[in-house]
Engineer: 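Let me begin by handing over the structure; questions about it come next.
What you see is a predicted model; the values in this text were computed from it and never measured.
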Amino acid sequence: RRLKRGRSASHIENRLDPLSGLQHQLRAPRCDLADPPRRVPGGKHDEDGAAQPVEALMMVDTGVSLTTFNMPFSKQHRLPAQSPKSLATMTGCGINGESWGVVGRVRAIEIGAVRIENPVVDFSTDEKGALASDQFSGIIGADILHRFRVIFDYPGQRMFLEKNAGFADPCEYDMSGLRLAASGDKLDVVTVFHVADKTPAQAAGLLPGDEIKTIDGRPAAEFNWETLRAYFQQPGKAVRLEIERDGKKLTVTLTLQRLV
C-alpha cells in the first residue's frame, strides 16, 4: 500500500483488481479496539489505555449500510467482547438470505490519513456466505463513506476520500430495535421485518408483519429511509406508532434508547 496526502484529500493506492460495481478491496485500514490497555504507535498511551491498531484487508461497498467485520476476523480479535455496549440482531437481508451479527463499536477506524472515532460497526456472526470468509477482513460501508466525497479511480486503482461537511457527525445506530421493510408499487407500505431482543420495540409488543400506518401522527409513507432512520435515532424520545395487525388497528408507544 502506498499512502499519499494532499491538502484537501487522502487517497490510497489499491493494487488489487477492482470488483464489480462500486466495490474495491482496500489494503490495511486499521481498527483501534475498544477496551484493553495496550501501547499505541510511538509508545504513547491515552488515559484509559489505547489498543494497538489492528490492520485489516477490507472491501469497499457503497451498497452496504453498516461497516462490517467478517466473522473469522471478529472472532480472532475478540471484537464483540470489547465493545462497551452491543446488540445481537439481524443486520441485513439480501439474495443470499439473512445476515446476523453483533452491532457494537470500536474506538476508531483509520483509512489512510483519516480517522473515524467511535464508529458503530457490525461484528458478523454468519457461518456461511461472504461474511464468513477469511480471505478478507470485512467491508467499509456507506456509514463511513457518506462522510466523504469519494472518487474511485479505476484506471489507477485508487480511492480518494475528501472530508465533507458531515465528517464529524456522531456515529449513531437505530434506537428502536426495529428492522423495517418497504413494499408496494411506490414502496410506501412500511412493515416490521424483525424485532431485536431486549429493545424498546420488543418492550412495546411490536411483531414481525405489523404494518406501520403512522409515526407520531404522520403517515409512514411520507418518510423516506433517511428521515425514518434519523427519526429513530433520538435517545429518550417517545414515539407513538399506529399499526395494523391481522386487520386490526393498534396504537403502541416506544421510548427510544441508545442500544450501542
Engineer: Would you give the length of the straight line joining atom CD1 of Ile116 to atom OG1 of Thr67, rounded to the nearest 0.5 angstrom?
Structural biologist: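 The CD1 atom of Ile116 sits 8.0 Å away from the OG1 atom of Thr67.
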Engineer: How are the rings of Phe69 and Phe73 set relative to one another: parallel (under 30°), tilted (30 to 60°) or perpendicular (over 60°)?
Structural biologist: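 Plane angle under 30°, so parallel.
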Engineer: Would you check if Leu178 and Val192 make a side-chain contact, meaning some heavy-atom pair closer than 4.5 Å?
Structural biologist: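 Yes - at least one pair of side-chain heavy atoms lies under 4.5 Å apart.
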Engineer: Met90 and Phe193: side-chain contact (heavy atoms from CB on, under 4.5 Å), yes or no, with the steps?
Structural biologist: CA-CA 10 Å; Met90 180 192 296; Phe193 188 73; 3.5 Å; yes
Engineer: Output all residues satisfying side chain to side chain contact (heavy atoms under 4.5 Å, CB included) with Ala220, sequence neighbours left out; order by chain, then residue number.
Structural biologist: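 Applying side chain to side chain contact (heavy atoms under 4.5 Å, CB included) to Ala220 gives Val190, Ile212, Ile215.
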Engineer: Taking all heavy atoms of Arg147 and all of Ala168, pick out the closest pair and write down the distance.
Structural biologist: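 In terms of heavy atoms, the two residues are closest at NH1-C, 4.2 Å.
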Engineer: When you look at NZ of Lys75, are more than 12 heavy atoms from neighbouring residues, nucleotides or ligands closer to it than 6.0 Å?
Structural biologist: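 Counting neighbours around NZ of Lys75, 12 or fewer heavy atoms of other residues, nucleotides or ligands fall under 6.0 Å, so no.
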Engineer: Under 4.5 Å between any side-chain heavy atoms of Ile243 and Glu211, yes or no?
Structural biologist: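 Answer no - side chains too far apart.
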Engineer: Looking only at side chains, do Tyr231 and Asp216 share a donor and an acceptor under 3.5 Å apart?
Structural biologist: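 Yes - a donor-acceptor pair under 3.5 Å links their side chains.
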Engineer: So which heavy atom on Val120 is nearest to which on Asp143, and how close?
Structural biologist: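 Val120 and Asp143 have their closest heavy atoms at O-OD2, 3.6 Å.
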Engineer: Are Met175 and Phe232 packed together at the side-chain level, in the sense that at least one heavy-atom pair is separated by less than 4.5 angstrom?
Structural biologist: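 The answer is no; the side chains never approach within 4.5 Å.
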Engineer: Is the cationic atom of Arg218 (NZ for Lys, CZ for Arg) positioned less than 6.0 Å from the six-membered ring centroid of Phe223 and within 45 degrees of its normal?
Structural biologist: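 The answer is yes, since Arg218 meets both limits relative to Phe223.
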Engineer: Could you tell me whether the side chain of Leu180 reaches within less than 4.5 Å of the side chain of Thr191, counting heavy atoms only?
Structural biologist: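 Not touching, per the 4.5 Å side-chain cut-off.
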Engineer: Are any of the side-chain heavy atoms of Ser176 and Gln234 separated by less than 4.5 Å?
Structural biologist: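 No, side chains not in contact.
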Engineer: Check Val103, Leu79, Val102 against Ser86 for a side chain to side chain contact (heavy atoms under 4.5 Å, CB included) and give me the one that passes.
Structural biologist: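 One option only clears the test, and that one is Val102.
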Engineer: With the side chain counted from C-beta on, respond yes when Asn118 and Arg107 share a heavy-atom pair under 4.5 Å apart, and no when they do not.
Structural biologist: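 No; the side chains remain at least 4.5 Å from each other.
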Engineer: Do the non-hydrogen side-chain atoms of Ser74 and Asp122 ever get within less than 4.5 Å of each other?
Structural biologist: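 No; the side chains remain at least 4.5 Å from each other.
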Engineer: Out of Leu131, Ile139, Thr91, which one pairs with Ser124 under the side chain to side chain contact (heavy atoms under 4.5 Å, CB included) rule?
Structural biologist: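 The residue from Leu131, Ile139, Thr91 that satisfies side chain to side chain contact (heavy atoms under 4.5 Å, CB included) with Ser124 turns out to be Leu131.
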Engineer: With no hydrogens and no angle check, just 3.5 Å: does a side-chain donor-acceptor pair link Gln233 and Asp174?
Structural biologist: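 Looking only at side-chain atoms, Asp174 and Gln233 do not form any donor-acceptor pair under 3.5 Å.
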Engineer: Using a 4.5 Å cut-off on heavy atoms from C-beta on, say whether the side chain of Phe123 contacts that of Val106.
Structural biologist: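 Answer yes - side chains close enough.
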Engineer: Checking Ser137 against Asn70: is there a side-chain donor and acceptor pair closer than 3.5 Å?
Structural biologist: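 No pair is found: no donor N or O on one side chain lies under 3.5 Å from an acceptor on the other.
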Engineer: So for atom CG, which belongs to Asp169, do other residues, nucleotides or ligands contribute more than 12 heavy atoms lying within a distance under 6.0 Å?
Structural biologist: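 Yes, enclosed.
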Engineer: Which heavy-atom pair separates His194 from Trp100 by the least distance, and what is that distance?
Structural biologist: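 Of all heavy-atom pairs spanning His194 and Trp100, the closest is CE1-CH2, 3.5 Å.
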Engineer: Tell me, with the steps shown, if Ile140 and Ile111 meet side-chain contact (heavy atoms from CB on, under 4.5 Å).
Structural biologist: CA-CA 10 Å; Ile140 297 292; Ile111 307 175; 4.1 Å; yes
